[in-house]
Amino acid sequence: MTDDTNLSRAQARGVRNARDLETQLGWLDNITGTALGVLAVASGIYTYLGVSSLLDDNGALSVFAALAYSVAVSVGIFVFWSYMMRLMPAVRTGAARMGLFLAMCLGSCAIIAMSSWLNAAALAGAAAVEQHLAETVQDYQEALERTNEITQSAQSLSRDVARVRQSFVDLSEQEATGQLSGFAGQGAVFRLLRQKSDELAALEAQITTQESLVSDAFADGNQILTRMRALTVEQGPVEQRSVLFSEEAVRLANVITQLRQLSVAPLVQRAARDLADSVVLPQLDGSDASTRQGQQATIDSVLTVLAQRAAVLESAAQSVIDMTPPTDTTYTPISAADAVILYARNFVPSWAGAIAIDLLPAVLVLIVTITQSAIRFARDGSAAEDSLTLSELRAAMIALKDIDTTMSATTAPPRAKPEAPPKPHVVE
């Protein structure tokens with residue numbers, strides 16, 4: 001008896017708890033439709049802004065197309081979550097619930113594909129395009145600096161050329177005093193040494209002439225970079241700034257190409273090869289055979305030294321040529337939606353907000369599903385009459401009384417009609 005009493009009390013508490021939850025769900029159901037409508041409309045608005053950023057034409061047809069798409073998205077979101085809100089809590093079996101859950105996941109992916117990324121483009125599209133501009137400026141700056149570094153390294157070859165030239169000048173002076181061939185004067189050996197020193201002097205002068213051109217080109221590139229950086233942070237529509245940015249990018253690419261062409265490393269390499277290969281040997285002008293033999297021996301030694309110096313100079317030029325060139329940088333205009341996807345890692349809060357506004361009803365579906373499960377669990381084992389409220393019981397009693405009255409009226413025998421009283425006899 002005690003166990004039955006405790007069980008009845010537990011069941012009564014469960015019924016009361018279930019009744020309270022049903023009351024709360026009934027109140028919340030009044031605002032759920034409105035809440036879903038507001039979320040769907042908000043998502044549609046941001047979807048409209050995202051679609052508008054993708055359309056090149058601003059005419060009436062484009063506006064109508066963007067509006068139609070955003071309305072379709074709003075209706076789809078509202079209908080989808082309304083279905084989930086009604087059906088997911090109502091199913092009882094695990095298989096049906098799992099099937100609806102998979103359908104909800106599939107629908108959520110579809111919503112993200114058709115709406116959330118456009119919402120993110122509307123929320124952070126301009127900032128993402130500015131990020132793209134800033135990344136492009138950084139790439140151009142690295143390319144400019146690397147190209148200038150290679151070109152300056154080529155300019156430094158002038159010191160190697162000057163050192164080789166000076167060595168030939170010193171040898172020619174020694175030959176003039178007779179310290180090389182043993183015969184003083186400006187003979188064949190002297191003319192050969194002067195010939196090569198003059199070639200190197202012309203090359204050195206050409207390299208020196210390039211210095212001002214290299215400095216001016218690098219300065220122009222830095223000025224263009226300054227204007228490009230300003231465009232990334234200026235006020236105003238990012239589309240207009242992107243057009244100006246593209247023009248500056250073309251100018252900077254031309255400057256980088258000019259800097260690359262100003263590199264004298266290939267010129268020095270060719271000059272080093274010609275230094276040893278193209279030698280015009282002067283006629284030996286010694287007065288006797290012994291003098292001419294000494295001149296020839298000295299010339300052979302000079303040619304050997306010449307080949308060695310040319311090899312060193314060519315190696316120095318080749319080391320500059322082998323330097324890793326900068327990566328080719330080309331500015332590609334990008335839409336707000338593409339920029340948001342490309343730089344998604346930098347706009348995680350915007351992506352989270354764009355997805356949350358579409359998938360927040362999923363949390364409501366799960367809340368209602370859990371609450372309905374709790375209601376069914378609380379009513380489990382209770383008889384139907386245990387869940388009746390006082391008003392429902394009163395309504396049931398009135399209904400039963402009406403039924404009894406109707407049935408009594410139907411089954412009672414018909415009453416006989418009363419006979420009319422006899423008419424009084426009147427004696428005339």
Side-chain angles (χ1 to χ4, degrees), residues 42-70 72-74 111-146 220-257 326-359:
S43 179
I45 292 174
Y46 282 105
T47 301
Y48 172 81
L49 296 176
V51 172
S52 300
S53 66
L54 294 177
L55 300 177
D56 296 332
D57 187 15
N58 295 325
L61 183 60
S62 297
V63 174
F64 178 77
L67 184 61
Y69 186 87
S70 62
V73 168
S74 298
I111 289 174
I112 293 175
M114 71 180 182
S115 174
S116 297
W117 71 286
L118 293 173
N119 296 346
L123 290 172
V129 174
E130 290 179 352
Q131 179 70 25
H132 179 62
L133 299 181
E135 293 284 345
T136 304
V137 169
Q138 184 66 30
D139 294 340
Y140 272 113
Q141 181 176 357
E142 293 176 358
L144 178 64
E145 292 177 352
R146 181 60 179 171
D220 293 341
N222 283 324
Q223 292 178 359
I224 295 174
L225 279 175
T226 301
R227 292 194 295 269
M228 293 172 68
R229 292 191 189 95
L231 288 173
T232 61
V233 296
E234 280 184 359
Q235 299 294 327
V238 70
E239 292 81 6
Q240 298 179 3
R241 287 184 282 149
S242 297
V243 174
L244 298 177
F245 187 91
S246 179
E247 296 174 356
E248 296 295 340
V250 172
R251 295 190 184 96
L252 184 56
N254 292 333
V255 171
I256 293 175
T257 302
T327 304
D328 291 337
T329 302
T330 303
Y331 170 65
T332 303
I334 190 172
S335 65
D338 293 336
V340 168
I341 295 176
L342 183 61
Y343 301 100
R345 66 186 183 277
N346 297 328
F347 300 97
V348 174
S350 298
W351 272 99
I355 295 175
I357 197 174
D358 290 334
L359 302 188

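Sequence positions, counted from 1, serve as the residue numbers for this chain.
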Can you give each donor-acceptor pair under 3.5 Å made by side-chain atoms of residues 111-121, sequence neighbours left out, with the distance rounded to 0.1 Å?
unit_1: S115; atom_1: OG; unit_2: S43; atom_2: OG; d: 2.9
unit_1: S115; atom_1: OG; unit_2: T47; atom_2: OG1; d: 3.1
unit_1: S115; atom_1: OG; unit_2: N119; atom_2: ND2; d: 3.3
unit_1: S115; atom_1: OG; unit_2: D358; atom_2: OD2; d: 3.2
unit_1: S116; atom_1: OG; unit_2: D358; atom_2: OD2; d: 2.8
unit_1: W117; atom_1: NE1; unit_2: A113; atom_2: O; d: 2.6
unit_1: N119; atom_1: OD1; unit_2: T47; atom_2: N; d: 3.1
unit_1: N119; atom_1: OD1; unit_2: T47; atom_2: OG1; d: 3.0
unit_1: N119; atom_1: ND2; unit_2: S43; atom_2: OG; d: 3.3
unit_1: N119; atom_1: ND2; unit_2: D358; atom_2: OD2; d: 3.2

How long is the straight-line distance from CG of L144 back to CG of L252, given to the nearest 0.5 Å?
6.0 Å
Below 3.5 Å, can you tabulate the donor-acceptor pairs from side chains in residues 347-354 to any protein atom, sequence neighbours excluded?
unit_1: W351; atom_1: NE1; unit_2: V340; atom_2: O; d: 3.4

Taking all heavy atoms of S70 and all of L67, pick out the closest pair and write down the distance.
OG-O, 2.8 Å
Could you state the interatomic distance from CG (L231) to OG1 (T226), rounded to the nearest 0.5 Å?
11.0 Å
Which residues satisfy the side-chain contact (heavy atoms from CB on, under 4.5 Å) test with N346, sequence neighbours excluded?
Q131, Y343
So, using salt bridge (Lys or Arg N to Asp or Glu O under 4.0 Å) as the criterion, who are the partners of R229 when residues are at least two apart?
none
Please name the pair of heavy atoms, one in V51 and one in Y69, separated by the smallest distance, quoted to 0.1 Å.
CG2-CD2, 3.6 Å
Any side-chain hydrogen bond (donor to acceptor under 3.5 Å, both in side chains) pairs touching residues 237-250, not counting sequence neighbours?
E130-R241, R227-E248, E248-R251
Could you report the tightest heavy-atom contact between Y140 and T330, atom names first, then the distance?
OH-CA, 3.6 Å
List for me each residue that meets side-chain contact (heavy atoms from CB on, under 4.5 Å) alongside L49, sequence neighbours excluded, and say none if there are none.
Y46, A122
Taking side chain as C-beta onward, heavy atoms only, is T327 less than 4.5 Å from D139?
no
Would you please name every residue forming a side-chain contact (heavy atoms from CB on, under 4.5 Å) with T232, sequence neighbours left out?
L133, V137, F245
For the atom pair CG (L225) and CG (D220), what is the distance rounded to the nearest 0.5 Å?
11.0 Å
So, taking the atom named CD in Q141 and the one named CD1 in I224, what distance separates them when rounded to the nearest 0.5 Å?
13.5 Å
Could you tell me which residues satisfy side chain to side chain donor-acceptor pair (under 3.5 Å) with D338, sequence neighbours excluded, listed by chain and number?
S335
Qualifying residues under side chain to side chain donor-acceptor pair (under 3.5 Å), relative to E234, sequence neighbours excluded:
none
